Enquirer: 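The structure is given below, and queries will be raised subsequently.
The chains referred to below are lettered A, B, ... by the order of the sequence lines, with proteins before strands, and numbering in each begins at 1. Everything quoted here is computed from the prediction, not taken from an experiment.
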Amino acid sequence: MLDPKLLRESPDLVRAAIAKKHLEVDLDAVLAIDAAWRAQLQEVEALRAKQKAANTAMAALPKGSPEFIAKVGEMKAVSAQAKEREAALNEIEAKFKQAMLSIPNLPHASVPEGRTPEQNMVFSTHGDVAAVSSAAKPHWEIPGFEKLFDFGRGAKVTGAGFPFYVGDGARIVRALLQFFLDEDVKAGYTEVNPPIFVNAASATATGQLPDKEGQMYETTPDQLYAVPTAEVPLTNFFRDEILDEAVLPVKRCAYTPCFRREAGSYGKDVRGLNRLHQFDKVELLKWVHPSASYAELDLLREDAERLLQKLGLPYRVLLMCGGDLGFSQTKKYDLEVWAAGQQRWLEVSSCSNFEAFQARRAQIRFRGKETGKVELVHTLNGSGLAVPRVLAALLENNLQPDGRVKLPAALVPYFGKEFLTFA
RNA sequence: GGAGAGAUGGCUGAGUGGUCGAAAGCGGCGCUUUGCUAAAGCGUUGUAGGGGUUUAAAUCCCUACCGAGGGUUCGAAUCCCUCUCUCUCCGCCA
């Protein structure tokens, strides 16, 4: 959520930001609701002040005295009026809140202009795309693929997009996760193993609710949500808390399976490991001082990049343009790995700064050491990394003419052998 | 799953219908004393929203907040209802 004061005081700034994201929001309507809300609030508060004053006066009067009884009669009317006004206030307040939630976060000045994904800026490219393309084919066409990644039985047991990982398939997933977590811990992130179901309050704080509930799996009797990413439980860890400035930045990483309904997906995007309803991911999260959040974003991106470098996978970094930024992000880098068999880039990490947008909604604050004042933290997150697409690239890029997959040296200690085989 | 007890500020804990945003203690912060530390004394001490004032900070006024939401009442931390969570005992279980 945006700071209502910012909207009130600099509506043109907000207007320009919305234009940069190529979104449509009726700001004038929001401002009108805000003005009406404040007027109503003042009326209600005046009535309450009257009630309080009367209450103090009545406490000094003898209970049954004529003055007391007269006062009760008088205040009965005030009470009724206050109740009526409060109901009106609540109604307009709900409207205001909803209107505020419809306003996106403001893109950072360094975010390029643009409307479509094609207009994202290629920030950097690493590794040789041509060098890995020798025996490549889409990973789902590799002979024996179904033995290790059993989509058919997954579909029988659960549904499409829920594969079984078998033998070397299971082993490579475990190796990647362990590798990612170890590297992230080395980079200073504290490892966390969070709950993989969250309640509605948590899903609301990170913005999955109210409008993205269609993306989450929901449990029926208990109304819990299967996490779409570890970002949700991790961000909510400090919900409604005031941190000590000295602990910032807080850096944490967590592995969870991620559950996404992905309604409406189709075609080559969903072939093989490209898009699943359940997949494994390590998420990186930072809570930082507002003055440091952009420097921290670059460090976060570098932490994610290092993983791809150590795996020897060619990748590029995109700096997302205004139109391709998410609703709540101010700046975002996507890491895309080259999948030689499919001849396409696959997104494996998305590193974003949310500034205070999530923190305001989740009420995550810190007390300044010097000032003693309470301020909202800035939150950042990014994948470090998502397993299936990294795996897809690994299978396609490193496939040998003999049908085995040669693993990068960094992974060998985790996997226990040099080659993955489909036999 | 069954039975009982409870939830109050950074923490402990008092408060069972009115001047209570809330005693007291601890902690924190400031000052004084002291060679430093410690100790003692005095003072201070939450969050949010709105408004006035100000270039701004400071400050002032009002309102809300005693687990959450509803209700009763002129008036609720206090009474009633619903929910959530915690603790104790029993049962079950990896």
Enquirer: Tell which nucleotide pairs with U55(B), taking only Watson-Crick or G-U wobble pairs whose two distances are both under 3.5 angstrom.
Expert: none
Enquirer: Examine Arg153(A) relative to Phe164(A) and say whether NZ or CZ is less than 6.0 Å from the centre of the six-membered ring and inside a 45° cone about the ring axis.
Expert: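 So Arg153(A) doesn't make the cation-pi contact.
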Enquirer: If I pick the C1' atom on G46(B) and the same atom on C11(B), what distance separates them, to the nearest angstrom?
Expert: 13 Å
Enquirer: Taking the minimum atom-to-atom distance to the side chain of Asn55(A), which one of G18(B), U47(B), G50(B) wins?
Expert: G18(B)
Enquirer: May I ask which nucleotide in the shown strands pairs with U47(B), Watson-Crick or G-U wobble, both distances under 3.5 Å?
Expert: A64(B)
Enquirer: Distance check needed: U55(B) P versus Glu9(A) CD, whole Å only.
Expert: 16 Å
Enquirer: Heavy atoms under 4.0 Å, any strand shown: does Arg360(A) hit a base, just sugar-phosphate, or nothing?
Expert: nothing
Enquirer: Quick one, Met320(A) and Tyr333(A) - any side-chain contact, counting heavy atoms below 4.5 Å?
Expert: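 Answer no - side chains too far apart.
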Enquirer: Would you indicate which nucleotide in U47(B), U19(B), A64(B) comes nearest to any side-chain atom of Val374(A)?
Expert: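 My answer, after comparing the listed nucleotides, is U47(B).
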Enquirer: Watson-Crick or G-U wobble partner for U88(B), using a 3.5 Å limit on both distances?
Expert: A3(B)
Enquirer: Provide the distance between the two C1' atoms, one in G2(B) and one in A14(B), to the nearest whole Å.
Expert: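 One C1' to the other, the span is 34 Å.
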Enquirer: Can you check the distance between G69(B) and U33(B), where both ends of the measurement are the P atom (answer in whole Å)?
Expert: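 Approximately 50 Å lies between the P atom of G69(B) and that of U33(B).
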Enquirer: On RNA chain B, does the nearest nucleotide to Ala46(A) precede the nearest nucleotide to Met75(A) from the 5' side, or the other way round? Give the residue.
Expert: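 The 5'-side residue here is Ala46(A).
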Enquirer: Quantified in whole Å, what is the P atom distance between nucleotide G21(B) and nucleotide C62(B)?
Expert: 12 Å
Enquirer: Any non-hydrogen side-chain atom of Met100(A) less than 4.5 Å from a side-chain atom of Leu7(A)?
Expert: yes
Enquirer: If pairing requires Watson-Crick or G-U wobble contacts with both distances under 3.5 Å, which nucleotide is the partner of A14(B)?
Expert: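 Checking every strand shown, A14(B) finds no partner, since no pair has both distances under 3.5 Å.
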Enquirer: Classify Ala49(A) by what it touches in the nucleic acid, base, sugar-phosphate, or nothing, heavy-atom distance under 4.0 Å.
Expert: sugar-phosphate
Enquirer: Would you classify Lys71(A) as touching base, sugar-phosphate or nothing, given that sugar-phosphate means primed atoms plus P, OP1 and OP2, and contacts are heavy atoms under 4.0 Å?
Expert: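 Since no nucleic acid heavy atom lies under 4.0 Å of Lys71(A), the category is nothing.
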Enquirer: With no hydrogens and no angle check, do the side chains of Thr116(A) and Gln119(A) hold a donor and an acceptor under 3.5 Å apart?
Expert: yes
Enquirer: With rounding to whole Å, what would you report as the distance between A3(B) and C65(B) at their P atoms?
Expert: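 Their P atoms lie roughly 34 Å apart.
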Enquirer: Would you mind telling me which residue lines up with the more 5' stretch of RNA chain B, Gly73(A) or Ala59(A), judged by nearest nucleotide?
Expert: Ala59(A)
Enquirer: Now, which nucleotide makes the Watson-Crick or G-U wobble pair with A22(B), with each of the two distances under 3.5 Å?
Expert: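 Checking every strand shown, A22(B) finds no partner, since no pair has both distances under 3.5 Å.
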Enquirer: Whole-Å distance between G51(B) P and Asp34(A) CG?
Expert: 8 Å
Enquirer: Measure from CD on Glu93(A) to C1' on G50(B) and round the result to the nearest Å.
Expert: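 The distance from CD of Glu93(A) to C1' of G50(B) comes to 11 Å, rounded to the nearest Å.
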Enquirer: Where the side chain of Trp37(A) is concerned, which of U47(B), U63(B), G50(B) is the nearest nucleotide?
Expert: G50(B)
Enquirer: Starting at CG of Leu47(A) and ending at C1' of G75(B), how long is that distance when rounded to a whole Å?
Expert: 15 Å
Enquirer: Taking only side-chain nitrogens and oxygens of Lys52(A), does any of them come within less than 4.0 Å of OP1 or OP2 of A64(B)?
Expert: yes
Enquirer: Does OP1 or OP2 of G18(B) have a side-chain N or O of Thr56(A) closer than 4.0 Å?
Expert: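 Result: no.
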Enquirer: Please determine whether a side-chain nitrogen or oxygen atom of Arg38(A) lies at a distance below 4.0 Å from atom OP1 or OP2 of G51(B).
Expert: yes
Enquirer: Does Lys373(A) put a side-chain nitrogen or oxygen below 4.0 Å from OP1 or OP2 of A58(B)?
Expert: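 Lys373(A) to A58(B) OP1/OP2: side-chain N or O found under 4.0 Å.
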Enquirer: Quote, to the nearest angstrom, the C1' distance that separates U73(B) from C81(B).
Expert: 16 Å
Enquirer: To the nearest angstrom, how far is Asp240(A) atom CG from A68(B) atom C1'?
Expert: 12 Å
Enquirer: Taking atom types as they are modelled, is there a donor-acceptor pair under 3.5 Å from the base of G51(B) to the side chain of Glu45(A)?
Expert: no
Enquirer: How many Å lie between CG on Leu41(A) and P on G51(B), as a whole number?
Expert: 8 Å
Enquirer: Should G69(B) form a Watson-Crick or G-U wobble pair with both distances under 3.5 Å, which nucleotide is its partner?
Expert: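 By the stated definition (distances under 3.5 Å), C81(B) pairs with G69(B).
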Enquirer: Please give the distance between the C1' atoms of A22(B) and G15(B) as a whole number of Å.
Expert: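 Roughly 8 Å separates the two C1' atoms.
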Enquirer: Considering Watson-Crick and G-U wobble pairs with both distances under 3.5 Å, what does A76(B) pair with?
Expert: none
Enquirer: Between Arg365(A) and Glu375(A), is there a side-chain N and carboxylate O pair less than 4.0 Å apart?
Expert: no
Enquirer: What interatomic distance, in whole Å, is found between C1' of C87(B) and the corresponding atom of A94(B)?
Expert: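 Nearest-Å result for A94(B) against C87(B) at atom C1': 24 Å.
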Enquirer: Round to the nearest Å and state the distance from Glu375(A) atom CD to A48(B) atom C1'.
Expert: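 Going from Glu375(A) (CD) to A48(B) (C1'), I get 16 Å.
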Enquirer: May I ask you to check if Arg252(A) and Phe237(A) form a cation-pi contact, with NZ or CZ under 6.0 angstrom from the six-membered ring centre and within 45° of the axis?
Expert: yes
Enquirer: Whether Arg367(A) contacts U47(B) is assessed here as follows: a side-chain N or O lying under 4.0 Å from the phosphate OP1 or OP2. Is that the case?
Expert: yes
Enquirer: Just compare A64(B), G50(B), C74(B) and give me whichever is closest to any side-chain atom of Lys5(A).
Expert: G50(B)
Enquirer: Looking at the side chain of Lys83(A), which of C74(B), U72(B), U19(B) is the nearest nucleotide?
Expert: U72(B)
Enquirer: Counting C-beta onward and ignoring hydrogens, is there a side-chain heavy-atom pair between Leu89(A) and Trp37(A) closer than 4.5 Å?
Expert: yes
Enquirer: To the nearest Å, give me how far apart CG (Leu376(A)) and C1' (U47(B)) are.
Expert: 12 Å
Enquirer: Provide the Watson-Crick or G-U wobble partner of G41(B), both distances under 3.5 Å; none if there is no partner.
Expert: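 Across all strands, the one nucleotide that pairs with G41(B) is C31(B).
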Enquirer: Can you confirm whether the side chains of Tyr165(A) and Asp150(A) place a donor and an acceptor under 3.5 Å from each other?
Expert: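 Note: Tyr165(A) and Asp150(A) side chains miss the donor-acceptor criterion.
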Enquirer: With a 3.5 Å cut-off and just heavy-atom distances, do the side chain of Lys63(A) and the base of G18(B) make a donor-acceptor pair?
Expert: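 Under the 3.5 Å cut-off, the side chain and the base do form a donor-acceptor pair.
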Enquirer: Without hydrogens or angle criteria, can the side chains of Glu355(A) and Tyr294(A) be said to hold a donor-acceptor pair below 3.5 Å?
Expert: yes
